[in-house]
*Asks:* 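There's a structure below that I have some questions on.
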Amino acid sequence: MITLRCEFRFEAAHRNLSAPPDSPAARLHGHSYAVSVSVTGSVDPRLGWLVDFADIRSACAPIVGELDHRCLNDVPELHDTSRDDVGRYLSERLTRAVSGFTGCSVDIVGDTVFDPLIVPAGAAGISREQVHFGFAAAHFLPRLPPDHKCRRLHGHSFRCVIDAPNAQPLLAPLADVHAQLDHRLLNDVPGLENPTSENLARWLWQELATRRALCEQLMIRETCTSACLYAGSEAGS
């Protein structure tokens, strides 16, 4: 018997209804999610494989995609929108759609607390010190056409990389900024009414400049495949 695994991603907002009311998880926020789907069976002796990975992906992608760029609390079949609940929801549908389906796991990508990492200059070929940190937030882009998926309420596990001549002094200002962004709806943050990656990068630069925290460049990642680089001035230009 052979087990194959395929991984999928989706971006979604939610309030975890099973979290304590005073928990950050109970607030509207968002995550990038990773889904691993397992298929088990016997190898075809002629082809030498269990099943074409492309067939697994074509069967799974529409089901996982139903949750992408959505607010999970708006999905009627979800209960508390926890990871276990999302796993149950997907398993019920994948069982019917995927031959040999034996289970799926759902994980949240990125940091769920402020856990900055300082990378020294020279490591991995970088020329300046860097601070890496992440936050989990929901947003929507109100100026896009109504049928654009990013106009819908959704969320991401955002990742930030700050280049600086000296990274250590950035930690305290970044902790303040993190508290403003993490487990929040970004549209409610003053100055982020239209929270594109570009506007978020400029906002972050300005917040650091206000706190006299010097940086040379910053990067905002919404997903593992997209990034926005920004090197502005203290005026945010």
Side-chain angles (χ1 to χ4, degrees), residues 4-14 16 24-25 28-38 53-54 56-72 81-83 86-87 89-90 94 104-119 123-126 128 130-141 144 148-163 167 174 177-178 181-186 192 195-205 215 217-231:
L4 304 180
R5 289 181 178 170
C6 283
E7 294 191 353
F8 303 85
R9 296 288 185 99
F10 69 92
E11 315 290 324
H14 81 138
N16 189 334
L28 181 61
H29 61 285
H31 297 292
S32 301
Y33 291 85
V35 180
S36 178
V37 176
S38 296
F53 277 104
I56 301 175
R57 293 191 179 281
S58 63
C60 296
I63 295 172
V64 177
E66 291 174 357
L67 303 180
D68 186 50
H69 282 72
R70 303 284 183 184
C71 179
L72 300 182
T81 70
S82 64
R83 288 190 299 119
V86 174
Y89 169 92
L90 291 173
L94 293 170
C104 73
S105 63
V106 178
D107 290 303
I108 291 171
V109 177
D111 299 335
T112 56
V113 295
F114 184 57
D115 187 23
L117 172 67
I118 293 181
V119 180
I126 63 173
R128 296 159 291 191
Q130 291 183 340
V131 182
H132 296 230
F133 74 99
F135 62 92
H139 75 157
F140 63 92
L141 305 183
L144 293 178
H148 195 291
K149 68 177 183 179
C150 292
R151 175 74 177 264
R152 303 193 298 255
L153 176 62
H154 61 287
H156 301 288
S157 297
F158 289 87
R159 192 72 185 168
C160 304
V161 178
I162 314 291
D163 290 23
L174 286 176
V177 169
H178 182 271
L181 302 177
D182 186 58
H183 283 73
R184 307 284 183 182
L185 174 63
L186 297 183
L192 287 178
T196 62
S197 288
E198 295 86 344
N199 286 339
L200 180 57
R202 294 179 63 194
W203 180 93
L204 178 55
W205 185 281
C215 58
Q217 178 178 271
L218 61 85
M219 179 176 68
I220 303 288
R221 282 191 176 275
E222 289 188 357
T223 71
C224 63
T225 59
S226 61
C228 174
L229 292 173
Y230 183 72

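Because the structure is predicted, anything quoted here is derived from the model rather than measured. For reference, positions follow the sequence shown, starting with 1.
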*Asks:* Search all heavy atoms of R83 against all heavy atoms of V106 and return the closest pair with its distance.
*Replies:*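 Scanning both residues, the minimum pair turns out to be NH1-O, 3.0 Å.
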*Asks:* Search all heavy atoms of F8 against all heavy atoms of V64 and return the closest pair with its distance.
*Replies:*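 For F8 versus V64, the nearest heavy atoms are CB-CG1, 4.1 Å.
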*Asks:* Any non-hydrogen side-chain atom of P195 less than 4.5 Å from a side-chain atom of L141?
*Replies:*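 With C-beta onward as the side chain, the pair touches.
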*Asks:* Is a side-chain N or O of D182 found less than 3.5 angstrom from the main chain of A136, in a donor-acceptor match?
*Replies:*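 Looks like yes, one N/O pair under 3.5 Å.
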*Asks:* From the options I162, L200, V131, V161, select the one residue that forms a side chain to side chain contact (heavy atoms under 4.5 Å, CB included) with L218.
*Replies:*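 Filter result, single survivor: I162.
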*Asks:* Does any part of the side chain of I108, heavy atoms only, come nearer than 4.5 Å to the side chain of Y33, both counted from C-beta?
*Replies:*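 Sidechains of I108 and Y33: in contact.
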*Asks:* Do the side-chain N and O atoms of E11 and S32 include a donor-acceptor pair separated by under 3.5 angstrom?
*Replies:*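 The answer is yes; a qualifying pair exists.
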*Asks:* Please report the shortest heavy-atom distance between H14 and L72, naming the atom on each side.
*Replies:*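 Closest approach of H14 to L72, heavy atoms only: CB-CB, 3.9 Å.
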*Asks:* So do the side chains of V177 and W203 get within less than 4.5 Å of each other, counting heavy atoms only?
*Replies:*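 They are in contact (side-chain heavy atoms under 4.5 Å apart), so the answer is yes.
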*Asks:* Starting at CG of L153, measure out to NE2 of H139 and round the result to the nearest 0.5 Å.
*Replies:*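 With rounding to 0.5 Å, CG (L153) is 9.0 Å from NE2 (H139).
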*Asks:* Identify the heavy atoms of P24 and H183 that sit nearest to each other, and give their distance.
*Replies:*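 Closest approach of P24 to H183, heavy atoms only: O-CD2, 3.4 Å.
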*Asks:* Over all heavy atoms of both residues, which pair between F133 and P116 is shortest? Give the atoms and the distance, please.
*Replies:*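 Taking every non-hydrogen atom into account, CB-CA, 4.2 Å.
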*Asks:* Look up atom CG in D107 and atom OG in S157, then write down how far apart they are to the nearest 0.5 Å.
*Replies:*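 Rounded to the nearest 0.5 Å, the CG-OG separation comes to 11.0 Å.
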*Asks:* Could you give the distance from OH (Y89) to OG1 (T81), rounded to the nearest 0.5 Å?
*Replies:*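 So the OH of Y89 and the OG1 of T81 are separated by 13.0 Å.
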*Asks:* Ring centroids only, cut at 6.0 angstrom: are H31 and H156 within range, meaning strictly under it?
*Replies:*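 Here the rings of H156 and H31 have centres that are no less than 6.0 Å from each other.
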*Asks:* Run the side chain to side chain contact (heavy atoms under 4.5 Å, CB included) check on I220 and Y230 step by step: do they pass?
*Replies:* CA-CA 8 Å; I220 303 288; Y230 183 72; over 6 Å; no
*Asks:* I want to check something: taking the side chain as every heavy atom from C-beta on, are L186 and F158 in contact at a cut-off of under 4.5 Å?
*Replies:*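 Heavy-atom side-chain distance check passes, below 4.5 Å.
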*Asks:* Give, for atom CZ of R221 and atom NE2 of H132, the distance between the pair rounded to the nearest 0.5 Å.
*Replies:*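 Here the interatomic distance stands at 10.0 Å.
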*Asks:* Let's go through C60 and L94 carefully: what are the C-alpha distance in whole Å and the side-chain angles of both, what is the deciding distance for side chain to side chain contact (heavy atoms under 4.5 Å, CB included) to 0.1 Å, and is it a yes or a no?
*Replies:* CA-CA 7 Å; C60 296; L94 293 170; 3.8 Å; yes
*Asks:* Do you know the tightest heavy-atom contact between T196 and E222?
*Replies:*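 The answer is C-OE2, 4.5 Å.
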*Asks:* What class does the angle between the rings of H178 and F114 fall in, given that below 30° is parallel, 30 to 60° is tilted and above 60° is perpendicular?
*Replies:*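 Aromatic pair H178/F114 classed tilted.
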*Asks:* Check whether any side-chain N or O of R152 sits under 3.5 Å from a backbone N or O of H69 as a donor-acceptor pair, and report yes or no.
*Replies:*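 Pair found, side chain donor or acceptor close to backbone of H69.
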*Asks:* Is there a side-chain contact between D68 and H154, using heavy atoms and a 4.5 Å cut-off?
*Replies:*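 With C-beta onward as the side chain, the pair stays apart.
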*Asks:* Count the heavy atoms belonging to other residues, nucleotides or ligands that lie under 6.0 Å from CZ of R5, then report whether that count exceeds 12.
*Replies:*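 For R5, atom CZ is not crowded (no more than 12 foreign heavy atoms under 6.0 Å).
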